Amino acid sequence: MNNENSLITNVLHSDRKLEIDTRPVQYPIHATLHYAFDKVEDLIATFQSNPGYAYSRQGTPTTTALETKINAMEEGVGTVCCSSGMAAIAGVFLTLLKAGDHFICSHYIFGNTNSFFSTLMRFGVEVTFVDTTRVDDLEAALRPNTKLVFSESIANPMTQVSDLKGIGDFCEKHGLIFFLDNTMLTPVVLKGSDVKASLVMHSLSKSMGGHANALGGSITDTGLYDWSNYPNIHERYRKDDSKKWAITQIKKKYLRDMGATLSADSAHKISVGLETVELRVRRAYENALGLAKYLEQSPYFKNVKYPGLKSHAQHELASSLTGGNAYGFLISAELSENLDMKAVLNNFKTIILASHLGDNRTLCIPVAQTIFYEMSQETLNNMNISHNTLRFSVGIELLLDIIKDIEQAVEAH
Ligand SMILES: *Cc1c(COP(=O)(O)O)cnc(C)c1O
């Protein structure tokens with residue numbers, strides 16, 4: 001081995017001090033784990049006061065760029081991105097609640113969120129589930145140790161719509177945090193602050209990113225909650241603007257403790273996807289309304305659930321929340337008893353059999369045998385889910401092509 005040869009040293013160090021002085025239209029992907037400092041004072045300041053970057057578990061400039069975009073969409077005071085939607089939900093609960101705290105939760109939530117809440121209970125956090133399509137039940141669930149109310153906007157798979165404005169007023173009146181999972185509507189249709197949510201999260205893996213190529217999640221503080229008297233903020237984060245205390249604690253402590261950080265590569269993909277989010281979701285929602293109307297009049301389907309249909313139990317509520325022209329991309333519908341569900345689904349040529357949601361492509365899945373596979377028959381009956389219940393996540397194809405695919409699948413069978 002030739003110890004005189006600087007080849008490896010040159011490979012490692014020769015490009016480090018090149019200036020990065022161009023203005024790329026797409027924000028660069030910071031494919032680095034850590035950052036070098038010319039002066040030790042700057043290194044120290046990054047730990048003690050400056051918002052800079054030292055190690056990528058606590059974020060990269062690429063994730064900050066995405067956070068800036070989402071924060072602008074929500075008009076928030078701060079946004080943190082996480083490695084998935086579940087990581088974002090976990091971030092809020094693990095950072096802002098502690099053993100002995102209680103929260104109120106909608107009955108109608110994503111199954112994996114429900115699963116996470118059962119984990120939280122093992123750590124001494126208490127929860128009461130209520131029907132959030134109306135606010136009457138909230139008052140009865142209130143306890144002296146209640147800190148937060150959690151709800152989604154439109155539920156998966158049966159599309160119940162929560163009375164978000166009612167929940168927002170209730171939380172304001174009782175000084176509670178309103179944590180909204182708004183994955184289904186996106187800030188294109190409804191911002192967290194429109195319904196007085198204190199914190200709003202999105203699974204960026206769904207229609208925000210839209211292209212089914214990156215997992216991600218975001219948490220935005222809308223600035224409506226006053227954290228100055230909230231007990232679970234560490235002394236260290238009680239500095240400067242109190243509106244930012246919670247989001248700072250999530251960013252500084254949750255990402256550091258749990259490492260649920262969004263990668264720069266995924267942040268870039270989601271950021272590119274976001275450029276077209278309004279065009280995509282508006283088209284998907286329009287398609288979904290058209291498809292729901294088609295399914296409702298089709299002799300092959302019954303129990304079609306879509307908040308945009310007049311027959312939907314919360315149609316008026318959904319219209320008042322969304323301005324009456326955007327009811328999400330999710331439809332549930334029951335295939336008629338005299339059709340063989342598996343044979344029909346296997347005939348799809350365009351519609352994809354898959355469990356994801358909010359893709360550009362239209363997806364379909366039978367609910368009882370898959371996402372609700374672990375549920376008891378009693379739970380399925382209570383939720384009105386039969387072995388022929390299908391969930392559609394409507395994409396941005398030509399609506400007529402989706403309808404034709406369903407028609408040929410039913411007729412070929
Ligand atoms: C998918 C989803 C999540 C979880 O998001 P991931 O990015 O898959 O972790 C949370 N809430 C809702 C409503 C979702 O649809």
Side-chain angles (χ1 to χ4, degrees), residues 63 66 70 79-94 105-120 132-133 149-162 164 167 178-190 192 195 197 199-220 254-255 258-263 265-267 269-271 273-274 277 281 284-285 288 307 318 321 327-332 354-360 363-365 367 370-372 391-395:
T63 48
L66 176 61
I70 294 169
T79 294
V80 174
C81 283
C82 301
S83 54
S84 69
M86 287 315 302
I89 291 172
V92 168
F93 284 92
L94 295 179
C105 180
S106 165
H107 270 310
Y108 312 111
I109 56 166
F110 183 56
N112 299 178
T113 306
N114 207 18
S115 165
F116 170 64
F117 289 164
S118 69
T119 304
L120 265 190
T132 45
T133 60
V149 177
F150 177 80
S151 176
E152 295 178 6
S153 39
I154 300 182
N156 160 24
M158 300 307 277
T159 74
Q160 295 91 343
V161 181
S162 287
L164 301 180
I167 299 172
F178 175 15
F179 180 23
L180 172 67
D181 176 343
N182 196 25
T183 301
M184 290 298 162
L185 286 177
T186 80
V188 169
V189 176
L190 183 102
V195 292
L199 297 165
V200 55
M201 69 76 55
H202 300 282
S203 166
L204 305 175
S205 326
K206 310 294 169 52
S207 38
M208 291 284 267
H211 296 74
N213 58 356
L215 275 172
S218 66
I219 308 159
T220 300
Y254 173 65
L255 293 185
M258 303 290 168
T261 317
L262 185 65
S263 75
D265 196 44
S266 293
K269 286 178 182 154
I270 293 165
S271 201
L274 266 186
V277 65
V281 298
Y285 296 166
L321 285 172
Y327 300 93
F329 50 77
L330 216 62
I331 303 173
S332 79
S355 72
H356 186 49
L357 307 171
D359 193 345
N360 281 334
L363 317 174
C364 179
I365 191 165
V367 174
T370 60
I371 51 173
F372 278 27
R391 182 189 77 190
F392 291 92
S393 170
V394 183

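First listed ligand is number 1; within each ligand, the first listed atom is number 1. Note that this is a predicted model, so its numbers are computed, not measured. For this chain, numbers begin at 1 and follow the sequence in order.
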Winner among His356, Lys206, Met86 once heavy atoms are compared against atom 14 (C) of ligand 1: Lys206
Side chain proximity check, Thr220 to Ile70, heavy atoms < 4.5 angstrom: yes
Ring geometry between Phe150 and Phe117 (parallel below 30°, tilted from 30 to 60°, perpendicular above 60°): perpendicular
Ligand 1 to Thr113 polar contact by distance, N or O atoms, under 3.5 Å: no
Shortest heavy-atom approach to atom 6 (P) of ligand 1 - which of Gly209, Ser393, Gly85, Ala90: Gly85
Within-4.5 Å side-chain heavy-atom neighbours: Tyr327 and Thr159: no
4.0 Å heavy-atom contact, Gly216 with ligand 1: yes
Ligand-side contact atoms (ligand 1) for residue partner Ser205, heavy atom cut-off under 4.0 Å: 6 (P), 7 (O)
Per-atom contacts of ligand 1 with Ser203, taking only distances under 4.0 Å to non-hydrogen atoms: 1 (C), 2 (C), 3 (C), 5 (O), 6 (P), 7 (O)
Closest candidate by heavy atom, reference atom 11 (N) of ligand 1, pool Asp181, Asn112, Ile109, Thr183: Asp181
Student check: side-chain heavy atoms of Leu357 and Arg391 closer than 4.5 Å: yes
Atoms of ligand 1 close to Met184 [distance to a heavy atom under 4.0 angstrom, numbered from 1]: 15 (O)
Heavy-atom side-chain contact between Val80 and Thr63 under 4.5 Å: no
Leu357 and ligand 1 - part of the residue with a heavy-atom distance under 4.0 Å: side chain
Identity and distance of the protein heavy atom lying nearest atom 3 (C) of ligand 1: Phe110 CE2, 3.4 Å
Name of the residue among Thr132, Thr113, Asp181 meeting side-chain hydrogen bond (donor to acceptor under 3.5 Å, both in side chains) with Ser106: Thr132
Under 3.5 Å donor-acceptor, His211 side chain and Lys269 backbone: no
